[in-house]
Amino acid sequence: MLLSMFQIIASAQQKKAKPKKPAAVYLNEYRAGLMSSPKVDTNWFIVERKKEIEQILKDSLPVKWCKEKGGEQAILAQKIALADPFFTRYLFDLKTKKPLWNEIFGVYPARPGDIKKGITSLPGSLMRVEMYNYANNLTTIGIVDIFKLKLVSADHYPDMQPDIPSSLIQLAERIAINAPEVEKALGFKPNSQKPIMSSTKTALNRTKCERSQHLCVAPTFVQGNRALWAIVDLTDNRLVGLRWTNTGTDAAVVTERKLQNETVADCYCEKVNSINKNGWNMDYLLTASDGLQISNVSFNDKRILNSAKLVDWHVSYSGTDGFGYSDAVGCPIYSQAAVVATDPPKIAEIVEGDSVVGFMLEQKFFSELWPGPCNYSYSQRYFFYNDGRFRITCASIGRGCGNNGTYRPVFRISFAGNEQNFYEYAQEGWKHWTKENWQLQKPSTLYDSSGYQYKISLNNSSNYFIEPGKGQFNDGGKGDNAYLYLTKNHLNKDEGETDLVTIGPCCNTNHEQGPEKFINAVPESTANTDLVLWYVPQMKNDDRPGSKYCWAETYYENGVYKIKAYPCFAGPMFVPQK
Amino acid sequence: MMKYSLCTMKWWMELLVLWLFIFPNNGFAQREIKPCQQEPAFIRTLGYDPLWTALSTSEKTYIGISLIAFEKKTGQATPTAQTPKMDIYQHPSWKTAGYLSTISFDQLGNAYTVPAPLISMLYNQTEKLNTIYKIDAINGEMNEWVNLPFAAKPSSHNPYGLLGINYDCQDHFLVVSTVAGSDRYNERGVIYMINPRNKKTIDSITNFDAMGLGFALDESRKKRLYYGSTRTGNIFSVVVNTKGKMEKKTIRKELSLEGYGPRGDDKARKIKFSGSQLLVSGTAFNYNLQAASEKPETLYTFIWLAKEKKWGLINYN
């Protein structure tokens, strides 16, 4: 099964939540297509823009000139600036020399503040040329003397964006006006007269795409005393999301990060959502520090799981004793998570051959500067098959602090039923675990003829085989090498059911990953009782060409940088015994 | 006589013009209070030169506080950001409180610091999130100094307690801010003004979540506490009298960081004055923990624009 086989389908139903019209809508992630096929643009103005970019990247200087105003003088000023090697320093990737996408946003008469000390010129001879580099999110400002035909000063400003030209204002408006989400929010399809303040890089109305570091503007539609901000990403040419605000002088600025955080918090951290699909029923919730939790899971009306969640990520680096991190994943605001959900969970069909065989629920988590060094990204995926199988998985998507890291995620899985029993496949057949215990999956581990290592019996009529990852799931996973812990679930005390703080340190390389704390000094009986499974796979990262694993890196495409991910998925399959 | 009188008038007018030029806002600009902090004596006792050391709470492989000794460079009076580290010293007591955030010194060389979980809650006890720690100037030992109350039971929806700390060099008070017990819908933070001589709380501002704290003199030469909200980019100020009381009716909004800088949603982590410039260190803050990488921080420099009667951003980097 390949990731590209997934097709995004309808969003989940919501229940147990008060019906409330959302103030914000977050549409899509800028990393869409990271582990699946990216969306194809069909709007003619975006297709044209992309063609234009492709064409300009083939030029000797990959720069779109500003021809909007200023006439001959403005053209001359650009010619002078672009002939100077300091002004053009970042037009190409410094290492690979590949062309980057640049655009001159404006040419203006220089202001007194632009002229550095010691520069002498005739009145009206100095022009200011503002160029934006989309790949590096960098602004270059050059001051040229059009009489002396030379560049007199130039500065490069990282993370800064100049005021956009009217062609981009028009493009942003087109993207917003033609977005069905805008029409839905306003209740009518706006026309070009409707958006106001679309060049929002003014003191009056600013916006930022802090996470993607892209050029964003916000065409704003005013309705009565409310304003609908449509954040448009002009690096990727797409609508980021929508947000209603009250108009007024003290109105808050709407940005990409605020939009993402509020949408995720409102709709997935503070509301329990549910899925009713292909015989499966369940609730799901983004927790403060235990990832995406599923609960009350049943198949064909038979209850299977109380809950399952991802408690911790332990990351240790072998080169340095005791160096590493314990990361919690969860909600983006008001949480104990260090690596946070920036996009809503997704539900996708699982397609094998030409048939839909089930569905997947996925949540991704990112730290702010990923995939930069010492930044992390994780994915959590639950698979539910039409035949009753299910799989609980997760992956590191790099990049971390080095190429010698081992990731140890900690799953907590609580099965339903008060008379559970647990078995391990052994030489003599299925061996009953009668006491709390833990075990490591090793090369010498025995599996039954179908590849199952463990079996859990929920009651006399319902058993599930447990098949750990051995590289057989076609998701790039190389095997789980997992610790499994079996603990008794006391119903009268918290055995980890509520949101758990970090339960283990980063760098233990043995079974002491945290779940062992739930095994009593004198291990309790695990026969005919409520049980909890803890599953801790171990994935070693790799940055070598051809075998990249738990890794991510940027690559060049069409004048900008994109991210390539090499996730390391791990997690067991649960197969109902017929 | 007449000549004398005209000359006198001219002299006074010149003085007035000069005065208004230097202090355009009601005669005075808001400006810094002269620093009073002393170096801790234990640094010399340990054999280090105080000028070439720094206490740090952000050393990657050290939990808590550590003393960094820099390699001395000829021709340099003090270390720079590029100066290599020569040695890192850690008193055994300095890691007992888990990860720590800001440090503030008093005029005797005692250091005060507050806990703040970094990547996980593993090393910080929830019940100690509202505890101020003091490092003794003489022996360098760190101990719990004051335990402040919790406005509400700590929960997984807010991993923080104390966030800001600063020392008032004019009247010698310690100010701290806590957000313990706050959540998305309830702002339960408190700013405490504490007398370090008897550890007593003199005054407080309640139901306000703040992080950056700084003292300066306002345009009327009154001492003000400047404090930055953790929920918005707003920075407020309040007059603090010589007895440490905060005159609530004088609270005013100074400026907002909203929309400024590379992120646009920064909150004030540190506030200080350099002469009459207001320097604000801004960073993203969303009441969650941070990943392993250094958190990007931007230093914003503001000057008072007398005509517009507001702070103007002149630089950020």
Side-chain angles (χ1 to χ4, degrees), chain A residues 137 158-160 203 205-211 213 250 252-253 255-258 261 265 269-270 287-290 312 315 320 322-328 330-340 366-370 372-376 400-401 498-506, chain B residues 60-63 98 117-126 154-160 179 182-187 209 230-234 253 256-266 283-296 298 308 310 312-317:
Chain A
N137 188 27
D159 303 326
M160 225 178 96
N205 210 352
R206 297 179 293 257
T207 191
K208 297 267 183 189
C209 280
E210 311 95 322
R211 286 194 168 117
Q213 291 288 295
D250 218 17
V253 175
T255 67
E256 176 200 47
R257 179 157 55 200
K258 277 187 193 173
N261 289 350
C269 297
E270 297 183 2
T287 64
S289 65
D290 289 348
D312 273 356
V315 194
T320 318
F323 176 63
Y325 303 98
S326 292
D327 286 336
C331 292
I333 52 174
Y334 297 93
S335 76
Q336 291 181 345
V339 185
V340 300
F366 297 93
S367 59
E368 291 294 332
L369 301 172
W370 181 85
C374 277
N375 281 275
Y376 293 85
C401 296
T498 56
D499 228 336
L500 281 169
V501 293
T502 308
I503 63 168
C506 61
Chain B
K60 255 198 172 150
T61 51
Y62 288 78
I63 293 170
L118 187 61
I119 298 156
S120 71
M121 298 297 292
L122 199 60
Y123 303 101
N124 285 77
Q125 294 176 59
T126 310
S155 78
S156 60
H157 299 290
N158 175 8
Y160 295 103
V179 299
S182 283
D183 58 36
R184 192 174 176 199
Y185 300 105
N186 298 287
E187 190 167 6
D209 289 357
T230 53
R231 291 179 177 251
T232 65
N234 291 340
K253 183 180 164 183
S256 175
L257 296 180
E258 199 141 318
Y260 287 142
R263 293 167 294 278
D265 64 345
D266 275 0
T283 188
F285 183 79
N286 291 304
Y287 292 80
N288 63 326
L289 297 173
Q290 76 175 79
S293 59
E294 287 291 319
K295 208 169 183 181
T298 301
E308 288 94 341
K310 64 175 189 180
L313 180 71
I314 56 164
N315 189 26
Y316 70 84
N317 52 46

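So that the names make sense, note that chain A is the first sequence line, chain B the second, and so on, each numbered from 1.
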side-chain contact (heavy atoms from CB on, under 4.5 Å) involving B:N234 - partner list, sequence neighbours excluded: B:T232, B:F236, B:K253, B:S256
Results of side-chain contact (heavy atoms from CB on, under 4.5 Å) for B:N288 - residues two or more places apart only: A:S335, A:V340, B:N286
If you take all heavy atoms of [X] and [Y], which pair is closest and at what distance?
X	Y	value
A:A288	B:S156	CB-O, 3.4 Å
A:I503	B:L122	C-CD1, 4.5 Å
B:Y316	A:M160	OH-CG, 3.6 Å
B:Q290	A:A338	O-CB, 3.4 Å
B:R231	A:Y334	NH1-OH, 3.4 Å
A:Y325	B:I119	CD2-CD1, 2.9 Å

So how far is it from [X] [atom1] to [Y] [atom2], rounded to the nearest 0.5 Å?
X	Y	atom1	atom2	value
B:R263	A:Q213	CZ	CD	8.5 Å
B:H157	A:C269	NE2	SG	8.5 Å
A:Q336	B:Y160	CD	OH	10.0 Å

Heavy-atom contact with chain B under 4.5 Å, split by part of A:N137: neither
Region of A:P158 that comes under 4.5 Å of a non-hydrogen atom in chain B: neither
Pairs of heavy atoms under 4.5 Å with chain B: top-ranked of A:G372, A:A337, A:G400: A:A337
Contact winner vs chain B - A:V315, A:L500, A:D159, heavy-atom pairs under 4.5 Å: A:D159
Part of B:Y123 lying under 4.5 Å from any heavy atom of chain A: side chain
NZ/NE/NH1/NH2 to OD/OE distance under 4.0 Å, A:K258 and B:D265: no
